[in-house]
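Values below: every heavy atom of this structure, side chains too, minus hydrogens, waters and symmetry copies.
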Amino acid sequence: GREVGPPLSPSPAQKSATAAASLLGITRGSTPASGPKKVKTRPPSDFDPDYQPCCEMRPKHMQPGTALGDELVAREDAFLKAHALAYPYPTFSGVHKCFNNAEAYTAGWLARKEMLVSVRFEGVDYEEKTAPYDPGSIYGYPVKWGKSTNMEAVTHTLLGPLMRGSCVGAFKTLDALDFSIEHLSLYERRLGLMSLGGATKDRVVKAIVDNLGARERDVSRAAIAAREGASKMSVTAKQLANETIVLMPFYGVAVGTGHSVVSTRFAYLNLTFWSHYRVFPHIGVVVGTEADRKFVTSPECGLPWAAVLSVEGHIAMPKNMGVAAGIAAQHKFRSGQWPQFGYMYWTESDQVLVMRDGAVEPLFALVADRVHLVAPHRLLPFPRTRDFDQQTAELIKNKGGKGRELGANDAKPYHAVAPVPGSGAPPPLEESSCCFDPGDCTRRDHWKHFSKKELAMIRFSETMGVVNGEANIFHHTWRTCKFSKQRAQCARAY
């Protein structure tokens, strides 16, 4: 089960980040000089025996508040200062560390493949192998599906040790326009689409799909143009993106899965794919049914997938797709079937990528040492009256009972970072900024309720504007970023 094949030659960005981390004493398989020389690990036989997860580098005597803990925090700050010197503004606006699992969670992350290969998903027996296609296993690993083996478990499994060990946390960008995703399915939840019925639901679904289709046409044209040479990414950034596999689970056919209706999931998938394809040329999908496999590989779908993996018959319910996809990726890396990929970007099939070309190389440099992880901000689209024709908007307000929702959203400032409709150009992200505070996600006293004046909306297309910040959606409170039409340098904590 050990991965085979020659290792990838390190790119300039990898060499830079690894060298910086080495000076700080936080490289792969090492501990700070003043800490213990040996760290106890327990990797199973088919894991990389030299890899030491960050949590195992932070025993109790190295937690924040202790001499060694504070020393490592200082070294992390030095790491970021060195990174800032290598990638100054306006090339890159910088990052902050997020030590709260819930706030770091965005259902997306970029990391070296070793971080995924090293983790153990709950309920998976990595010690005992079965036949590869045994219904009780995935790729030979026996699985007991439980409450925690859900769509979110892959990200939480990676983030959990970082947070519990208080080692480095997850890096997030200070400027939302450097690295974010738009969580599309939240839009229909705000409209209460699942509870609408009859002709009203059909009309609203058609309006959403039409809007998504118009945006997809522009995004796909920009993506294809980037693949044909129009990208403004650096040579190193293009090399790193080429060494990355983007992977997303997709469950499209069953009614009642997740928070979206069937007819919108396919539109989300297409838009998600093309938004990533502009940056990353290799995108894979994991499906759980034969119908989905046939769809994603059909001319009707027409997406140029780099990999289509199926876990049909190996999951108990649709929510298991996340962990199933994670196990599938682990298998591909360990078995040597993906030797060309040194990095992985994980996402879900309803998340549009917002990423500046200039941010690609600096973000890869942060994760090249196999210790750090970067996560995008998760921006949430809220519906506005202008997203619909007059008759549809009236149906949403009257029969859907969403007059108050649309009214509150309509009242917010509406900033445009959008290309000319039909131009096939990407959003002009380099022209504007939206700066977060440089905090570490350990306090919320500065979060604002949606009703406050600091809350606004930003649109990257003609419809589906997102709120300027990250949310506790249940309390309707937000950690906001301050939007500037003219790009500004975000304040750093280092």
Side-chain angles (χ1 to χ4, degrees), residues 3 7-8 10-11 13-14 16-18 20-21 26-29 47-48 50-57 76 79-80 83 95 97-99 101 104-121 152-165 167-173 178-181 237 240-249 276 279-280 282-284 322-323 325-334 338 340-348 351 353 355 359-378:
E3 182 177 338
L8 294 171
S11 64
Q14 289 176 251
S16 175
T18 304
I26 52 175
T27 56
R28 176 178 181 264
F47 283 56
D48 181 350
D50 295 324
Y51 182 77
Q52 295 178 354
C54 185
C55 59
E56 296 187 5
M57 293 169 58
E76 282 288 292
F79 177 84
L80 291 179
H83 185 270
V95 295
K97 293 171 290 185
C98 190
F99 288 109
N101 200 334
Y105 177 83
T106 56
W109 42 265
L110 173 68
R112 282 285 304 181
K113 65 179 180 181
E114 290 84 1
M115 292 195 73
L116 176 68
V117 170
S118 71
V119 300
R120 293 165 172 259
F121 295 114
E152 296 80 12
V154 172
T155 302
H156 282 309
T157 300
L158 261 71
L159 289 175
L162 297 182
M163 304 307 167
R164 289 193 297 272
C167 46
V168 295
F171 286 136
K172 305 189 84 171
T173 59
D178 271 331
F179 190 31
S180 294
I181 54 93
L240 291 166
N242 195 49
E243 296 172 7
T244 303
I245 179 70
V246 176
L247 197 66
M248 64 185 78
H276 287 79
V279 178
F280 301 101
H282 307 295
I283 303 174
V323 170
I327 297 170
Q330 286 181 323
H331 169 73
K332 288 292 184 181
F333 284 127
R334 293 191 193 120
W338 282 351
Q340 70 273 39
F341 301 128
Y343 297 85
M344 180 167 167
Y345 178 68
W346 172 269
T347 190
E348 293 182 357
Q351 300 192 141
L353 180 64
M355 194 175 197
V360 177
E361 184 178 335
L363 289 172
F364 272 98
L366 287 168
V367 305
D369 59 7
R370 313 180 190 193
V371 173
H372 295 89
L373 173 152
V374 293
H377 297 283
R378 199 180 206 190

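- Across all non-hydrogen atoms, the minimal contact from Gly284 to Ile245 is N-CD1, 3.9 Å.
- Between Leu373 and Leu159, the closest side-chain pair of non-hydrogen atoms falls below 4.5 Å.
- Taking NE2 from His282 and CG from Asn242, the interatomic distance works out to 3.5 Å, rounded to the nearest 0.5 Å.
- Scanning both residues, Gly326 and Leu116, for their nearest heavy atoms gives O-CD2, 4.3 Å.
- Put simply, CG on Leu240 and CD on Glu243 are 5.5 Å apart, with the number rounded to the nearest 0.5 Å.
- Here Glu114 contributes atom CD and Asp369 contributes atom CG; the two are 10.5 Å apart, rounded to the nearest 0.5 Å.
- Phe333 has its side chain within reach of Met344: a pair of non-hydrogen atoms, C-beta onward, lies under 4.5 Å apart.
- Of the possible donor and acceptor atoms, none in the side chain of Glu152 sits under 3.5 Å from a partner among the backbone N and O of Ala107.
- Residues Gln330 and Val117 approach most closely at NE2-O, 3.9 Å, considering heavy atoms.
- Looking only at distances, no side-chain donor or acceptor of Gln351 sits under 3.5 Å from a matching main-chain atom of Arg378.
- Closest non-hydrogen pair, Gly108 versus Ala375, comes out as O-CB, 3.8 Å.
- You'll find the side chain of Thr347 stays beyond 4.5 Å of the side chain of Leu353, heavy atoms only.
- Here the CZ atom belonging to Phe179 is positioned 6.0 Å from the CG atom belonging to Leu363, to the nearest 0.5 angstrom.
- Scanning both residues, Val154 and Gly322, for their nearest heavy atoms gives CG2-O, 3.0 Å.
- Residues Lys113 and Trp338 are not in side-chain contact: their nearest non-hydrogen atoms beyond the backbone lie 4.5 Å or more apart.
- Distance alone, capped at 3.5 Å, places no donor-acceptor pair between the Arg112 side chain and the Val367 backbone.
- Taking the side chain to side chain donor-acceptor pair (under 3.5 Å) definition, one finds that His276 meets it with nothing, sequence neighbours left out.
- Separation of atoms OH (Tyr105) and CG (Leu158) is listed at 12.0 Å; rounding is to 0.5 Å.
- Each of Tyr343, Tyr345, Trp346, Phe341 was scored for a ring-ring contact (aromatic ring centres under 6.0 Å, His included) with Phe280, with one residue passing: Tyr345.
- For Thr173, the side chain to side chain donor-acceptor pair (under 3.5 Å) criterion is met by His377, not counting sequence neighbours.
- Between the side chain of Thr106 and the backbone N or O of Pro376, at least one donor-acceptor pair lies under 3.5 Å.
- Of the candidates Asp178, Val374, Leu366, Val95 forms a side chain to side chain contact (heavy atoms under 4.5 Å, CB included) with just one, namely Leu366.
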